[in-house]
Protein chains: 2
Amino acid sequence: MEFANVSERQAMSPELAVSTVIFALRDEADDGEAVGRPTLWLPLIRRTREPYRGQWALPGGPLGARQTLQDAAAANLRATTGLAPSHLEQLYAFGGLDRSPAHRVVSIVYWALVREDDEQGTEAAPDAGGAPTHRERLLKDPNVAWFPARDDAVIEALAFDHAEIVRYALWRLRNKVEYGSIAHRFLGPRFTLAQVQEVYEAVLDRRLDAANFRRHLRGAPGIEATDEYLHGGKHRPPRLYRYAGDTAAVPQENTNTEEQRDRS
Amino acid sequence: MEFANVSERQAMSPELAVSTVIFALRDEADDGEAVGRPTLWLPLIRRTREPYRGQWALPGGPLGARQTLQDAAAANLRATTGLAPSHLEQLYAFGGLDRSPAHRVVSIVYWALVREDDEQGTEAAPDAGGAPTHRERLLKDPNVAWFPARDDAVIEALAFDHAEIVRYALWRLRNKVEYGSIAHRFLGPRFTLAQVQEVYEAVLDRRLDAANFRRHLRGAPGIEATDEYLHGGKHRPPRLYRYAGDTAAVPQENTNTEEQRDRS
DNA sequence: CCGAGTTATTGTCGAAGTGACAATAAGTCA
DNA sequence: TGACTTATTGTCACTTCGACAATAACTCGG
């Protein structure tokens with residue numbers, strides 16, 4: 001249990017990587033069904049080398065010497081989506097012995113929420129000239145693709161132990177949404193309560209009673225009614241709300257704002 | 001964001017260590033006051049080399065090549081207390097750039113509960129002959145000592161960022177206790193409800209109503225009444241209860257049974 | 001043996017929260 | 001204008017929870 005010299009220590013110490021589970025809400029359904037309700041999607045990277053060459057995996061990479069864990073996770077996010085996270089939080093450190101066939105790799109995994117319509121964090125204004133932006137390039141990259149987070153056929157076929165990681169991330173997302181005010185991070189600065197409800201329903205994967213849900217949100221801190229209404233719909237125009245809590249999209253290093261409980 | 005060759009990667013990758021915050025419940029008060037109520041204590045290690053030589057720190061060490069993260073945490077625990085954990089769970093991975101003055105170190109921190117009266121996991125029967133057991137040696141080791149977990153003077157003076165880590169571990173312990181059935185892990189196989197209440201009060205650091213607390217525990221799963229009573233006290237003998245949930249003291253690798261919510 | 005003292009245990013009551021669901025409001029569309 | 005749809009409010013029974021009264025059971029001092 002004592003340190004040896006530096007070279008020996010480095011020879012012993014397993015490789016350290018940071019991966020990120022990225023969630024976004026999308027409207028389209030995979031198949032022909034016109035669903036109308038948004039569902040959870042996540043981007044994956046196709047591996048271009050062994051092991052697991054050709055299979056889909058979570059975005060990730062080694063931790064740079066001058067990179068915070070959170071920085072590395074944000075870099076994963078940006079490389080995969082071109083977006084800034086609207087929420088980013090550490091999930092778990094996975095350190096099993098046989099996660100990767102050849103080397104021993106310890107992965108510190110983060111999970112993130114993004115808004116795809118978010119223009120913050122996107123590269124500078126699209127240069128009228130011609131060079132495609134990072135996001136435009138990503139859309140054409142055959143090794144980056146989005147999948148429904150509940151598509152078991154895809155998730156279970158992921159490389160390494162990434163299926164387990166995604167299941168755990170989904171579970172954490174559910175718990176976080178059930179309690180707190182995280183749902184609005186999928187939405188823009190102004191939103192209707194029905195939109196928040198759709199987020200809840202997509203994440204929890206069940207229907208909620210609109211009346212009770214509204215009452216629930218009244219109690220929640222940070223959600224404030226504006227005096228604006230969303231016009232242009234086919235029916236009674238709903239009131240717009242805004243979130244008036246901590247505006248910081250990305251929590252600071254070692255934010256430790258999460259809470260853990262045991263329901264078992 | 002691409003891997004370089006192996007040697008370059010190892011040169012880049014920060015050092016990886018595992019530390020453990022260990023909690024136990026003890027009766028004695030630090031000063032002369034005869035408190036009667038048990039309080040939270042934790043063991044610390046005095047550093048014998050730079051940096052922070054002479055200061056107290058959390059038990060920890062580098063991750064062995066054939067060691068699971070959980071194994072490494074259990075090894076910390078055993079080296080520090082000679083006991084097996086009655087609960088062991090990952091806390092957080094700390095990866096700030098300046099946690100250690102010289103090297104860059106990423107620490108994966110666990111937190112644990114132990115029962116000091118627990119004979120499980122203690123070294124084999126004390127050899128009548130003479131060689132002191134590991135636990136006996138630890139009691140005399142001037143570089144291992146127990147401190148009250150709420151002694152700010154001690155905690156704030158810890159080496160590295162360990163003060164922050166202990167604060168976070170305390171907060172997680174509180175949340176875990178508030179919700180779930182973790183308190184009994186401080187206790188033996190048979191316990192009274194008053195003892196469980198004492199655990200709650202020590203962890204949450206506030207008094208609870210006995211009647212409401214009892215009702216609360218009735219709803220909790222796993223806690224079963226026995227038909228035995230604890231005799232020998234000075235007053236009405238309380239009924240003994242037992243925990244009938246998962247008996248595994250240490251959760252399996254990647255247990256992921258924790259839950260996270262956001263109260264902010 | 002009795003009654004005071006202390007802890008253990010159960011019961012009660014009002015406030016607050018929650019799910020189911022009825023009722024009303026305010027738009028669009030034919 | 002009226003049917004239709006979504007938005008929003010209200011109601012009711014049920015549960016949960018904190019505060020606290022009331023009862024039970026034991027020890028101990030006389």
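The sequence lines fix the lettering, A, B, ..., with proteins before strands; numbering per chain opens at 1.
Once you apply a 4.0 Å limit to the heavy atoms of chain A, the touched nucleotides of DNA chain C run 5' to 3' over C/dT18 to C/dT28.
The CD1 atom of A/Ile182 sits 7.5 Å away from the OG atom of A/Ser86 when rounded to the nearest 0.5 Å. Separating the CG atom in A/Leu170 from the CD1 atom in A/Ile165 is a distance of 12.5 Å, to the nearest 0.5 Å. Here the CH2-CG distance, from B/Trp56 to B/Leu58, works out to 12.5 Å after rounding to the nearest 0.5 Å.
Checked for salt-bridge contact, B/Glu116 and B/Arg26 meet the test: a charged N lies under 4.0 Å from a carboxylate O.
Taking every heavy atom of residues 210-217 of chain B and every atom of DNA chain D, pairs under 4.0 Å involve B/Ala211, B/Asn212, B/Arg215, by number. Listed by residue number, there are no residues of residues 198-206 of chain B with a heavy-atom contact under 4.0 Å to DNA chain C. Contact check of residues 230-240 of chain B against DNA chain D (heavy atom, cut-off under 4.0 Å) returns B/Gly233, B/Lys234, B/His235, B/Arg236, B/Pro237.
When all heavy atoms of A/Asn76 and A/Thr80 are compared, the pair lying nearest together is O-OG1, 2.6 Å. Taking both residues in full, the closest heavy atoms of A/Ala202 and A/Leu25 are given as CB-CD1, 4.0 Å, listed atom of the first, atom of the second, then distance.
Inspection of the A/His87 and A/Glu89 side chains reveals an N or O donor paired with an N or O acceptor under 3.5 Å. No hydrogens or angles considered: nothing links the side chains of B/His134 and B/Glu136 as a donor-acceptor pair under 3.5 Å. A/Arg172 and A/Asn175 form no side-chain donor-acceptor contact under 3.5 Å, judged by distance and modelled atom types alone.
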Show me, pair by pair, the donor-acceptor contacts under 3.5 angstrom made by side chains of residues 217-228 of chain A, not counting sequence neighbours?
unit_1	atom_1	unit_2	atom_2	d
A/Glu224	OE1	A/Arg242	NE	3.3
A/Glu224	OE1	A/Arg242	NH2	3.4
A/Thr226	OG1	A/Glu228	N	3.2
A/Thr226	OG1	A/Leu240	O	2.7
A/Glu228	OE2	A/Arg190	NH1	2.5

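Looking only at distances, a side-chain donor or acceptor of A/Gln90 sits under 3.5 Å from a matching main-chain atom of B/Ala93.
With sequence neighbours left out, A/Arg236 forms a side-chain hydrogen bond (donor to acceptor under 3.5 Å, both in side chains) with no residue at all.
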